[in-house]
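This report concerns only the one structure given below.
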Amino acid sequence: MNRTNDTQSPAVIVHDLEKIFDHFVAVNKISFSVQKGEIFGFLGPNGAGKSTTIRMLCGLLMPTSGTGSVAGFDILKQQEKIKQHIGYMSQKFSLYEDLTVEENINFYSGVYNIPHKKRKERKEWIISMSGLEDLRSTLTRTLPMGWKQRLALGCAVIHEPKILFLDEPTSGVDPITRLNFWKFINDLASQGVTIFVTTHYMDEAENCGRIALIYRGELIATGNLDELKTRFMDKDVIKIDVSSPEYWMEKLKEIPEVDETSLFGSSIHALVENAQTADGRIRSILQSAGSFEVQQITPSLEDVFVSLIETYDRNRHEDKTS
């Protein structure tokens, strides 16, 4: 597959991508595309296949089968070309702990062959963007997690790539750092950079223009937020506020009209086929609880994901027993 000059072609194209480790299918023949300049969220629980997929797209892991391209380069034959045209930030941030902040930046300037006359400019930009002005000579291993994240992101974009891959970039950092991180990501996207980000945080996924939901190595839904909440959500959601929610969550599962329950903070979300039919049964069960509130709500992304996983697991079980 030769690189194309078509500016309208997707930044990432994947068809029937598969990765098998021994007898374990980590990624099971998934297909999708990512448009240039969009923030594409790859959402799923730990172990779903997110990191394996992103490593194949970044030229770090050879697929077992399937085809695809990144920045117009073949993921099977042109891995080194791909590495030169993308930015990649892993969960572990890929920083050298025994180097200082400035030394890490210098190192990545060399890795990405930044022209010498431009290296100082790019270094000062990273230090300013990261707020690391007073920490230039600080050993990286002594930096708090949030500062490491900023430095790692700066090193990932030092060569101004048009496609940026982020693998669980906010894992382990505080909410304020996560918020600031996403402000910067949105700024990059507004400048035309394509962002491919894996996450298991549902609230983070709402920053993405489109989202792909992966579970057990399979792509179970793709679309924007509205599409996921309408096209892929065939159940109503009832929110229940009651004391001892863990206890009542189990009791509500005994109601035939309730398909699934989950905790959202101190509230229970019940997935039901029909809210009007289920409402009376739910209120009847809760009578002995004393004070409680029951209301139908608009599904959240997490509700959609829970519903899709429940349907996937049920169908898989039925296939095995049939």
Side-chain angles (χ1 to χ4, degrees), residues 10-12 14 17 27 30-55 57-58 87-91 146 149 153 156 163-190 193-235 237 239 260 262-265 267 269 271 297-312:
V12 178
V14 169
L17 189 65
V27 176
I30 63 175
S31 301
F32 61 87
S33 63
V34 180
Q35 301 305 311
K36 291 177 180 176
E38 79 169 321
I39 302 178
F40 186 84
F42 207 54
L43 178 65
N46 292 330
K50 301 187 304 297
S51 293
T52 301
T53 299
I54 207 171
R55 286 174 61 80
L57 296 178
C58 291
Y88 171 61
M89 178 175 164
S90 71
Q91 298 178 45
Q149 179 207 51
L153 179 59
I163 305 177
L164 178 60
F165 287 91
L166 305 169
D167 191 11
E168 298 279 0
T170 61
S171 181
V173 300
D174 63 87
I176 299 299
T177 300
R178 285 173 60 196
L179 181 63
N180 290 332
F181 176 86
W182 275 100
K183 286 180 180 178
F184 182 71
I185 293 304
N186 278 289
D187 286 343
L188 285 177
S190 70
V193 178
T194 303
I195 312 291
F196 186 108
V197 56
T198 72
T199 182
H200 61 269
Y201 294 118
M202 300 291 168
D203 59 330
E204 281 195 347
E206 303 212 359
N207 289 286
C208 303
R210 283 192 308 132
I211 301 165
L213 303 180
I214 187 171
Y215 180 59
R216 296 184 183 272
E218 296 192 21
L219 212 57
I220 59 177
T222 305
N224 61 38
L225 282 174
D226 289 338
E227 288 172 334
L228 292 175
K229 292 179 182 180
T230 53
R231 197 173 100 204
F232 293 100
M233 188 65 179
D234 58 356
K235 295 188 174 64
V237 181
K239 179 185 176 186
E260 188 64 50
S262 55
L263 276 179
F264 281 66
S267 299
H269 283 199
L271 299 180
I297 62 171
T298 301
S300 67
L301 182 58
E302 189 165 349
D303 289 319
V304 176
F305 202 26
V306 169
S307 176
L308 287 167
I309 286 176
E310 188 262 337
T311 299
Y312 176 95

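The structure presented is a predicted model; accordingly, all values stated were derived computationally and were not measured.
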Partner set under side-chain contact (heavy atoms from CB on, under 4.5 Å) for L179, not counting sequence neighbours:
K183
Derivation of the ring-ring contact (aromatic ring centres under 6.0 Å, His included) call for F165 and F196
CA-CA 5 Å; F165 287 91; F196 186 108; 5.3 Å; yes
Quick check for you: to the nearest 0.5 Å, what is the distance between I214 atom CD1 and F305 atom CZ?
9.0 Å
Test: K50 and E168 ion pair at under 4.0 Å
yes
The test is side chain to side chain contact (heavy atoms under 4.5 Å, CB included); show your working for I163 and V34 and say whether it passes.
CA-CA 10 Å; I163 305 177; V34 180; over 6 Å; no
Measure the CD-CD1 distance between E206 and I211 for me, rounded to the nearest 0.5 Å.
7.0 Å
Side chain to side chain contact (heavy atoms under 4.5 Å, CB included) with F264: of M202, E302, K239, only one passes, and it is E302
Which of T170, V193, I195 passes side chain to side chain contact (heavy atoms under 4.5 Å, CB included) with I185? Answer is I195
What do the steps show when you test K235 against E310 for side chain to side chain contact (heavy atoms under 4.5 Å, CB included), and what is the final call?
CA-CA 11 Å; K235 295 188 174 64; E310 188 262 337; 3.9 Å; yes
Shortest non-hydrogen contact from H200 toward P45:
CB-CA, 4.4 Å
Taking atom types as modelled, is there a side-chain donor on D167 or T198 under 3.5 Å from an acceptor on the other?
yes
4.5 Å side-chain heavy-atom contact, V12 and F32:
yes
Return yes if a side-chain donor-acceptor contact under 3.5 Å exists between D187 and S190, otherwise no.
no
Stepwise side-chain hydrogen bond (donor to acceptor under 3.5 Å, both in side chains) check, N180 with T177
CA-CA 5 Å; N180 290 332; T177 300; 5.8 Å; no
Roughly how far, to the nearest 0.5 Å, is CD1 of I30 from OG1 of T52?
9.5 Å
Are N207 and I39 packed together at the side-chain level, in the sense that at least one heavy-atom pair is separated by less than 4.5 angstrom?
no
For E218, all residues meeting salt bridge (charged side-chain N to carboxylate O under 4.0 Å, His left out), sequence neighbours excluded
none
Applying side chain to side chain donor-acceptor pair (under 3.5 Å) between R210 and each of E227, Q35, E38, report the one that passes.
E38
Please report the interatomic distance CG(L213) to CD1(I309), rounded to the nearest 0.5 Å.
8.0 Å
Closest non-hydrogen contact found for V27 with G49 is CG2-O, 3.7 Å
Please examine the side chains of L43 and L301, heavy atoms only from C-beta on, and report whether any two atoms are closer than 4.5 Å.
yes
Value rounded to 0.5 Å, distance of NZ in K229 from OG in S307
14.0 Å
Identify, with sequence neighbours excluded, every residue that meets side chain to side chain donor-acceptor pair (under 3.5 Å) alongside T311.
none
Start with the C-alpha distance between W182 and C208, add both sets of side-chain angles, then the distance that settles side chain to side chain contact (heavy atoms under 4.5 Å, CB included), and finish with yes or no.
CA-CA 10 Å; W182 275 100; C208 303; 4.2 Å; yes
Of all heavy-atom pairs linking A156 and Y88, the shortest is CB-O, 3.8 Å
Just checking, R178 and Y201: is the charged tip under 6.0 Å from the six-membered ring centre and within 45° of the axis?
yes
When you compare the side chain of T298 with that of V237, does any pair of heavy atoms fall below 4.5 Å?
no
When rounded to the nearest 0.5 angstrom, what is the spacing between CE in M89 and CZ in F181?
5.0 Å
Side chain to side chain contact (heavy atoms under 4.5 Å, CB included) evaluation trace for F42 with I54
CA-CA 9 Å; F42 207 54; I54 207 171; over 6 Å; no
